[in-house]
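The structure appears below as structure tokens.
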Amino acid sequence: MVPLGWVGGVVGLILSSAISLYASTLMAKLHEYGGRRHIRYRDLAGFMYGQTAYSLVWVSQFANLFLINTGYVILGGQALKAFYVLFRDDHQMKLPHFIAVAGFACVLFAIAIPHLSALRIWLGFSTFFSLVYICIVIALSLKDGLEAPPRDYSIPGTKNTKIWATIGAAANLVFAYNTGMLPELQATVREPVVNNMIKALNFQFTLGVIPMHAVTYIGYWAYGSTASSYLLNNVSGPIWLKGMANIAAFFQAIIALHIFASPTYEFLDTKYGVKGSALACKNLAFRIIVRGGYIAITAFLSALLPFLGDFMNLTGAISTFPLTFILPNHMYIVAKRRKLSFLKKSWHWLNIIFFSCIAVAAFVAALRFITVDSKTYHVFADL
């Protein structure tokens, strides 16, 4: 909302919701293409295009998930730092220290939960933590907004920086709604797979997005152009309440990271033939070394360049745009080419060209922001 303002932000969020629903529905309809289920995105790409496409999608998808995980480690570190500052604002502990702690917590969780289906009750906790964060942030933001003097809602920066910020924000909007792992999620849906997935998508992109829209609009209304990317840095109120919200955000970041790291874990488990009991010494040691190493690299890069908004922009540009908008439209053309009219084919090609251009522009904008922030802040910055 900060780089887009009221009109651009609201219209952008609503349009992004609608476009994401449309593209996700296209992908969901291809789950059983060719008379077989495709439980991985790369499997579907390989089946439709061949081995080269399989490899490209594999690289793009895992780059996307890695950058998402980087964002969650940063989020966990920011939440811990915000919690710490509530009680001791002595600057002895810096953001990189909290990112390291968050990374260690993610390692412990990754070792304890051997596979995605083992999450079970943790998904319930995830929902609970999200609701705690949302309710507290909305309540405190409303209180601050009602008590505060008139806010400044003007878009900050020069004409040149505003253009770049708008492009980057477009990628951020896409990142907010999409994961690049819809086939993997659809693989867990009961029969009839396509119909049930479309029902889930319709629910998610209507009622399901209301909490996110509420937090976004209320937060921007309360703090205007000074709103932080981590909204709890802005709110005022009882320390215990803010502390609860920060801890909820921290735990939610750990669970969410595990969900998005699971395809990587599954690939590594399959590649190295991990079988048998999850508690077997060999399998336990494998998770400690391999998963611990993966998260250690993620946490190191997160602490090195802790620019959360920039990584969200980069993620949207480098992989979320292609995986969410470009490929689904082209795949749908390939799968339904004999059934689509010229007008419908033209519509899908228009989407492919348009989102390809947006992805390139957003990628350049994200690199520019990272370069600028890298000059403004030193590595391992305490943001």
Derivation and outcome, side chain to side chain contact (heavy atoms under 4.5 Å, CB included), residues K344 and I333: CA-CA 9 Å; K344 289 183 178 180; I333 292 174; over 6 Å; no
Side chain to side chain contact (heavy atoms under 4.5 Å, CB included) evaluation trace for R368 with T161: CA-CA 10 Å; R368 180 184 180 277; T161 57; 4.0 Å; yes
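In this structure, F286 and D269 have side chains that are in contact, with non-hydrogen atoms separated by less than 4.5 Å. With a 4.5 Å cut-off on side-chain heavy atoms, Y265 and V290 do not count as touching. Here the side chains of Q61 and F267 are not in contact, with every heavy-atom distance at 4.5 Å or above. With a 4.5 Å cut-off on side-chain heavy atoms, T216 and M1 count as touching. Here the side chains of S17 and H213 are in contact, with some heavy-atom distance below 4.5 Å. The closest side-chain heavy-atom distance from F83 to F250 is not below 4.5 Å. The shortest side-chain heavy-atom distance between H31 and L44 does not fall under the 4.5 Å cut-off.
Atom SG of C357 sits about 12.0 Å away from atom CD1 of I352, to the nearest 0.5 Å. For the atom pair I99 CD1 and T70 OG1, the distance stands at 10.0 Å (nearest 0.5 Å). Expressed to the nearest 0.5 Å, how far CG of L21 lies from OG of S16 amounts to 11.0 Å. Distance check: I136 CD1 to M244 CE gives 5.5 Å after rounding to the nearest 0.5 Å. To the nearest 0.5 Å, atom CG of residue L232 and atom CG of residue L140 are 8.0 Å apart. Between the CE atom in M93 and the NZ atom in K81 there is a gap of 11.0 Å [rounded to 0.5 Å].
Between Y153 and Y220, the gap from one ring centroid to the other is short of 6.0 Å.
In terms of heavy-atom proximity, I288 sits nearest to I111 at CG1-CD1, 3.6 Å. Residues V2 and P156 approach most closely at O-CD, 3.7 Å, considering heavy atoms. Nearest heavy-atom pair, R40 versus P183, reported as atom, atom and distance to 0.1 Å: C-CB, 3.9 Å. Listed here is the closest heavy atom pair of L182 and S24: CD1-CB, 3.6 Å. Nearest approach of A53 to A45, heavy atoms of both residues: CB-O, 3.9 Å. Of all heavy-atom pairs spanning Y133 and A245, the tightest one is CD1-O, 3.9 Å.
The closest side-chain donor-acceptor pair between N246 and Y230 falls under 3.5 angstrom. N160 and T158 are not linked by any side-chain donor-acceptor pair at a separation below 3.5 angstrom, with hydrogens and angles left out of the test.
Connection of I39 to V189 is not established within any shared hydrophobic cluster, with ILVMFWY side chains joined at heavy-atom distances below 4.5 Å, either directly or through further cluster members. Cluster membership check: I68 shares its hydrophobic cluster with L304, using side-chain heavy-atom separations under 4.5 Å among Ile, Leu, Val, Met, Phe, Trp and Tyr. Hydrophobic clustering (side-chain heavy atoms under 4.5 Å, transitive across Ile, Leu, Val, Met, Phe, Trp, Tyr) groups F98 together with I239. The cluster map of Ile, Leu, Val, Met, Phe, Trp and Tyr, joined by side-chain heavy atoms under 4.5 Å apart, puts L108 and L119 in different clusters. Cluster annotation: L13 is not connected to I155 through the hydrophobic network of ILVMFWY side chains, with a link wherever side-chain heavy atoms come within less than 4.5 Å.
With hydrogens and angles disregarded, a donor-acceptor distance shorter than 3.5 Å links the side chain of K345 to the backbone of R337. Of the possible donor and acceptor atoms, one in the side chain of T127 sits under 3.5 Å from a partner among the backbone N and O of L123. Of the possible polar contacts, none joining the S141 side chain to the A222 backbone as a donor-acceptor pair under 3.5 Å is found. Side-chain N or O atoms of Y41 include one that pairs as donor or acceptor with a backbone N or O of L323 at under 3.5 Å. With hydrogens and angles disregarded, a donor-acceptor distance shorter than 3.5 Å links the side chain of N196 to the backbone of R190. Q186 places a side-chain N or O within 3.5 Å of a backbone atom of A28 that can act as its donor or acceptor partner. No donor-acceptor pair under 3.5 Å is formed between the side chain of T324 and the backbone N or O of F321. At least one donor-acceptor pair under 3.5 Å links the side chain of N329 to the backbone N or O of F325.
Counted within 6.0 Å of CD1 on I121, heavy atoms from surrounding residues, nucleotides or ligands total 12 or fewer; the atom is thus considered open. Residue W347 qualifies as open at atom CH2: its count of foreign heavy atoms under 6.0 Å is 12 or below. Atom OH of Y272 has 12 or fewer heavy atoms from other residues, nucleotides or ligands within 6.0 Å. More than 12 heavy atoms of other shown residues, nucleotides or ligands fall within 6.0 angstrom of atom CG in L207. Within 6.0 Å of the NZ atom in K143, the count of heavy atoms belonging to other residues, nucleotides or ligands exceeds 12.
Aromatic ring orientation, W58 versus F62: tilted (interplanar angle from 30° to 60°).
Legend: residues meeting side chain to side chain donor-acceptor pair (under 3.5 Å) with D90, ordered by chain and number and at least two apart, are Y84, R88. With sequence neighbours excluded, no residue satisfies salt bridge (Lys or Arg N to Asp or Glu O under 4.0 Å) with D144. Every ring pair (Phe, Tyr, Trp, His ring centres under 6.0 Å) that Y49 has, sequence neighbours left out, goes to H330. Residues passing the ring pair (Phe, Tyr, Trp, His ring centres under 6.0 Å) test with F300, sequence neighbours excluded: F380. Remark: F109 engages W122, H258 in a ring pair (Phe, Tyr, Trp, His ring centres under 6.0 Å) (not counting sequence neighbours). Remark: K336 engages no residue in a salt bridge (Lys or Arg N to Asp or Glu O under 4.0 Å) (not counting sequence neighbours).
Between R37 and D43 there is no salt bridge, since no side-chain nitrogen of the basic residue lies less than 4.0 Å from a carboxylate oxygen of the acidic one.
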